[in-house]
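Step one of this worksheet: look at the structure below.
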Amino acid sequence: MAIRGKSPSLVFSLQRTPDRRFLTARHFRLEMLLRVAEKAAACTVPDIEASRTFERYLLRHPEVADTVGDLEVAKIAERFEQIYRASGGGT
């Protein structure tokens, strides 16, 4: 995975709680995910447990995207859309 020069902003989202076995099962997976988390404009996870694991292994505090109210989900989605558009995407 090459991250060179100026690349577009991205939102890094994990859909489930990562565990140590998943992160170390493949050669360079942890290193790759660390680099993506570092370069991402924002990181999201589905719940608090995933947030703790994400912070422990990927050294970044993610936003918990799994909210109860539709309004919260809409606000989060709008913010990520703004990040995407600010990077030049979707034009």
Side-chain angles (χ1 to χ4, degrees):
M1 176 180 159
I3 299 177
R4 294 190 178 114
K6 178 100 170 127
S7 57
S9 298
L10 64 100
V11 175
F12 176 36
S13 297
L14 285 180
Q15 300 303 311
R16 62 183 177 94
T17 302
D19 60 10
R20 188 175 195 288
R21 174 180 267 165
F22 167 78
L23 294 169
T24 59
R26 299 273 189 223
H27 193 57
F28 296 119
R29 180 181 285 165
L30 181 57
E31 180 183 340
M32 178 187 68
L33 292 175
L34 274 165
R35 291 181 66 201
V36 172
E38 176 186 328
K39 300 289 184 182
C43 299
T44 66
V45 291
D47 55 39
I48 297 295
E49 180 185 346
S51 176
R52 290 184 193 118
T53 305
F54 194 100
E55 285 184 76
R56 183 180 314 125
Y57 290 106
L58 301 179
L59 310 176
R60 177 140 180 211
H61 180 74
E63 292 190 43
V64 177
D66 187 22
T67 59
V68 177
D70 291 337
L71 187 57
E72 283 298 312
V73 172
K75 286 181 182 178
I76 291 169
E78 183 180 314
R79 176 162 182 260
F80 294 148
E81 182 68 21
Q82 289 170 350
I83 292 169
Y84 176 70
R85 296 229 182 265
S87 73
T91 56

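Just so you know, these numbers come straight off a predicted model, no measurement behind them.
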With sequence neighbours left out, the residues meeting side chain to side chain contact (heavy atoms under 4.5 Å, CB included) with H61 are S51, E55

Can you pull out every ring-ring contact (aromatic ring centres under 6.0 Å, His included) where at least one residue sits in residues 33-56? Sequence neighbours excluded, please.
F12-F54

Residue set satisfying side chain to side chain contact (heavy atoms under 4.5 Å, CB included) with T17, at least two apart, ordered chain then number -> D47, E49, A50, T53

Which residue pairs satisfy the ring-ring contact (aromatic ring centres under 6.0 Å, His included) criterion with at least one member in residues 14-52, sequence neighbours excluded?
none

Applying side chain to side chain contact (heavy atoms under 4.5 Å, CB included), can you list everything that pairs with R20, at least two apart in sequence or on another chain?
T24, Y57

4.5 Å side-chain heavy-atom contact, T44 and V64
no

How many angstroms lie between CG in L30 and CE in M32, if you round to the nearest 0.5 Å?
9.5 Å

Looking only at heavy atoms, which two atoms of A41 and R60 are closest? And how far apart?
O-NH2, 3.4 Å

